[in-house]
Amino acid sequence: MSYRHLLAFFSLLAPALAQDGGQLYTLTCSACHGADGKGAANGTFPPLALSPYLAGEPDRAIKIVLHGLNGPVNVLGKTYNLEMPPQGAAMQDENIAAVLTYVRSAWGNTAGPVTADQVKKIRAATSSRSEHWTAPELLKLHPIQEIKPLTNLLSFTYTGNWTAAPDFAKLKPAAAEEEPTGRIALPKIKAPKGKDVSPPASGNLGMVWEGTLTLPTTGDYEFLFGADDGGSILLDGKLITQITGAGPLKGREKQVIIPASAGPHKFRAEYYDLLGLKALQIAWRQKSQKEWNFLTEETKSAAKVWPPIILKPTERPIIYRNFIEKTSPRAIGVGFPGEVNLAYSVDNLAPELIWTGAFIDAGHHWTDRGIGNEPPAGLKVVKLTTAPALDKAAKFRGYKLDPAGNPSFSVQFGELSLLDGYTTSTSSLIRSLKVSGKSSGSTVLTLVDGVAVTATGPDTFDVGGLVTLTAKSTKILDGKLVLPLVPGTTTEIRYLWK
Amino acid sequence: MRLLIPLLFTTTLTHALAAPAYDPHQAEYYLREEIPLPPGEVMELGSIALMPDQKVAVTTRRGDLWICSGAYEKDLSKVTWKRFAQGLHEPLGMSFKDGTFTLTQRPEVTRIRDSDGDGLADTFETLNNSWGSSADYHEYAFGSVPDKNGDIWVALCLTGSAAAKSDWRGWCMRITPKGEIIPTCSGLRSPGGIGFNSVGDTFYTDNQGLWNGSSSLKWLKPGSFQGNPTGNKYHTLANLPAPPEPADPSRVLAERLKHPEFIPPAVVLPHGQVGHSPTGIACDMSGGKFGPWTNQLYLGEQTYSQVQRVFLEQVNGLYQGAVFLMLDAFEAGLIPIVLDQKDGTLFTGGSNRGWASRGTKPFTFERVRWTGKTPFEILTMSANSDGFTLKFTEPVDPATAGNPANYAMKAWTYILQHTYGSPEVDQATPQITKATVSPDKTSVRLTITGLVRGHVHHLDSSKITSAAGQPLWHPDAWYTLNEIPK
């Protein structure tokens, strides 16, 4: 038997034993990770070139290929929220080894080859696994050497009693420390050597950090700064943003864009606490990038990982059908001109959420796969009801828009028809409930349930301290505000924000 | 004159860069053109519907419905767009009749019309919304155009494509014109498109993953089970018999012989060889306006940005047939494809948001027209008890096509299992012993020993030529041999 015949013989036994890693990569991986390993669609998908996930021991990468990866993953400073399908059932150990050997040595990657035996061992060790991996889970098992957000970082702690932002130049620090993690952190009350300094129980805390921030390219950079209570950010000695006064972090964040050159910059952050909680968040990103690079430990912020697309009605109301937080999956958002908004739950036949200010940030659902619920973008959100507002047998029939684009939702309950229409005037939502057909027995529609409702005058109610509701013929039943539905009537309900 | 040559050179170069032609011959047979989109709008197309007066409606993943005029004109630079509706929930299926759009949105089937004639939709009538929605991004709903009874077939993707967390996930439902809902088939995983063949039977494409060794085109025979038991539990909602629970791991053939309601994939699209992610379905009933492929199906392909061609036949009550590569190099991942049967224009649209594609643009709307020149191709491949008959689009060269050594065949199948995908397994090499050219030289009967019931049979005909000496445009065929004819 010649060598060639022998090969043919073996390929009959295991014809799927294609061991050309490059070919396998093209067939199985390149559609998403790109022929050049930089992530397909201009980096919409995670890069493999220079990815720390591929470096070092191959276990992490083998696990991802075997069982897939789901949810947010940060690769080279950018977060991706996609799903890598598991390949373990479709690819044999030899093929996984070949393709990983290829990607670990292509495009500037310098990790060593992977053997089928290594894949086999990990396959056996993870055989009971049926779910995808998540990045935090993998990183716990196989940490990646983190690049320090700031280098040469020093922290200075100040204590005292102040009622406004202190002038740090005039204060003497109570402690100065090196921060080898390179990350800005409020003290979890660390005592300097030999001293028992706990944070001032009644006094105030001030902190200053100085270090080096290295930026990748020359261009525009966005900085995010949030503090409870306030402070400043300085780059190369120049003030770039500042939060004054006192208040919570959320809702008072600053976002600024400044031009900066590639390379190292002197970075200084000043922070002060006046009263109550202490919190600090600082992050930067290249303009038009989705992902923030946090310099602080605290990263749970109002800062969004997708580019915001705030839907803003101009002449006509805008409809937004998607998954809106704190209402049901079948929600119809309506943003009216004049910053009055509602989310109508088709499942529960009610305007479950009403709010003022900005309507909704569609960037969440319109970026990548759009995973998750999006909360209203505005203020004074009131959740009017939490359960079906009508009998469960009632059916949603659709909606009509009047010539100005105002919606009326149509509901059928036996022989009873309900047209539930909405318009607005200044700071208020006006709801018109037109009932027709026949009613079998007494049918009531829930208007408010699950939020405090108190009568404040004839036909006037306070709802959750945020809205004044005015409507005739309503009554309070077991803490709910309800409206009996009487065929042939139209009831007007006004929701006026305080 | 001295200037002219460099100018010409520049022009040619620009063209070469603008059209990434994977296939240098495609333009001889099919003219693919991008239809300009409304400037500044993000037009990630999810469905396309033909309207009277050569208007074309499209929906976007962001929830807009736009109407395009001029999409049939020779000069596409003059197309105009009008937004008809907004605020729809990711529609994936649309038709238009008598002034009304019927749309499959993620949570419901809706009839939409403009009742006051101002050019904007104002009436959104929910025809049925009684399937579950759990706010999971993957719970897509792909809807057909109305069938001959007026019913819309809705293929409901699983939750996250691996679980069934809301009612009827993994099922195909029919919505009647009166708004009733009829649970019709179980066992679906992750549909990418739904449509009908020339006799009105319904098919959908299902994507590789759990219980799908490879992607495939599947026949939605009413009452059938399609192989993935994840959504089986919902049969109790309608007092239907429990769908089968296939053994794991097993093979499609073994399980469908145990469970007659398990209808095997009509045509398997071998993963990596015939794309990664099949989508929309269009049947060619144009009577030859798009080439000679009468009654065949075209399938969109998202990852590879292609259109494939499928020939179907029925053997022992099951559909089976062959898939051939056809059109390539679309600008983004394709989702909807629609063929205008009167005019022979194929409209395609798509997006690569969330799922990468070879086409590098984030979204696209394109049309394809046949140039009138027929490529030398295998027109049909049908099964015999002892092999296959190939019909060609033009006479073959009897010397090359009559030599059995000029064909190569491999066969394999996939593991039916609860894990993601499957390698190709149970490989076999059927032997082609005879190749008999018909007297008119337009068909060849291959006599083969070793056909394997249930296997994909890959035929490589790259060594044969037409009578004019041309090789085949696409020499590969993949035939899914569910049944071997007697």
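Quick note: numbers below take in every heavy atom, side chains included, and nothing from hydrogens, waters or symmetry partners. Model, not experiment: these values are computed from the prediction. Here is how names work: the chains are called A, B, and so on, in the same order as the sequence lines, proteins then strands, and each is numbered from 1.
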Residues G354(B) and R369(A): closest non-hydrogen pair is O-NE, 2.9 Å
Examine whether an atom of D136(B) lies under 4.5 Å from a heavy atom of chain A, and if so say whether it belongs to the side chain, the backbone or both; otherwise answer neither. backbone
Interface moiety of W355(B) toward chain A, non-hydrogen atoms closer than 4.5 Å: both
H365(A) versus chain B, heavy atoms under 4.5 Å apart: side chain, backbone, both or neither? backbone
With a 4.5 Å cut-off on heavy-atom pairs, point out which of G34(A), G370(A), P85(A) contacts chain B the most. P85(A)
Check whether any side-chain heavy atom of R397(A) lies under 4.5 Å from a side-chain heavy atom of F124(B), and answer yes or no. no
Where does T28(A) contact chain B at under 4.5 Å (heavy atoms): side chain, backbone, both or neither? backbone
Would you mind reporting whether I371(A) and H138(B) have side-chain heavy atoms less than 4.5 Å apart? no
Gap between atom OH of Y420(B) and atom CG of L66(A) - 0.5 Å precision: 15.0 Å
Over all atoms of both residues, closest heavy-atom pair of T419(B) and A89(A): OG1-CB, 3.2 Å
Looking at G398(A) and T126(B), what are the two nearest heavy atoms and their distance? CA-OG1, 3.4 Å
Taken to the nearest 0.5 Å, the spacing of W366(A) CH2 from T60(B) OG1 works out to 7.5 Å
State, yes or no, whether a side-chain contact exists between D116(B) and P403(A) at a heavy-atom distance under 4.5 Å. yes
Rounded to the nearest 0.5 Å, how far apart are CD of E125(B) and NZ of K400(A)? 9.0 Å
Less than 4.5 Å apart, any side-chain heavy atom of F396(A) and any of N129(B)? yes
Could you tell me which portion of V346(A) (side chain, backbone, both or neither) has an atom closer than 4.5 angstrom to a non-hydrogen atom of chain B? side chain
Of G39(A), P86(A), S410(A), the largest count of non-hydrogen pairs under 4.5 angstrom with chain B goes to P86(A)
Determine whether S133(B) and F323(A) make a side-chain contact, defined as any pair of heavy atoms from C-beta on separated by less than 4.5 Å. yes
Non-hydrogen atoms of chain B under 4.5 Å away: do they reach the side chain of R316(A), the backbone, both or neither? side chain
Of all heavy-atom pairs between Q208(B) and A90(A), which one has the smallest distance, and what is that distance? NE2-CB, 4.1 Å
Partners of Y422(A) by ring pair (Phe, Tyr, Trp, His ring centres under 6.0 Å), sequence neighbours excluded? F409(A)
Go through the atoms of T123(B) and report whether side chain, backbone, both or neither lie under 4.5 Å from a heavy atom of chain A. both
Please enumerate all residues that pass side-chain contact (heavy atoms from CB on, under 4.5 Å) together with E90(B), with sequence neighbours excluded. R61(B), R106(B), Y140(B)
Measure distances from I324(A) to the heavy atoms of chain B and classify the residue's part below 4.5 Å as side chain, backbone, both or neither. neither
Quick check: closest heavy atoms across E108(B) and R321(A), and the distance to 0.1 Å? OE1-NH2, 3.1 Å
Out of curiosity, N322(A) CG to L88(B) CG, how far, rounded to the nearest 0.5 Å? 11.5 Å
With no hydrogens and no angle check, is any side-chain donor or acceptor of H89(B) less than 3.5 Å from a backbone partner on A331(A)? no
Which bit of L120(B) comes within less than 4.5 Å of chain A, counting heavy atoms only: side chain, backbone, both or neither? side chain
Which atoms of Q105(B) approach chain A - backbone, side chain, both or neither, heavy atom under 4.5 Å: side chain
Is there a donor-acceptor pair closer than 3.5 Å between any side-chain N or O of Q86(B) and the backbone N or O of I318(A)? no
Highest number of heavy-atom pairs under 4.5 Å with chain B: which of C32(A), G68(A), A40(A)? C32(A)
Option that, when pairs with chain A are counted at under 4.5 Å, heavy atom only, ranks first among G421(B), S422(B), G272(B): S422(B)
So which heavy atom on A31(A) is nearest to which on T303(B), and how close? CB-CG2, 3.0 Å
Any chance you could measure N406(A), atom CG, to D122(B), atom CG, to the nearest 0.5 Å? 12.5 Å
Between A121(B) and chain A, with a heavy-atom cut-off of 4.5 Å, which part of the residue counts as in contact: side chain, backbone, both or neither? backbone
Does E131(A), at its CD atom, have more than 12 non-hydrogen atoms belonging to other residues, nucleotides or ligands within less than 6.0 Å? no
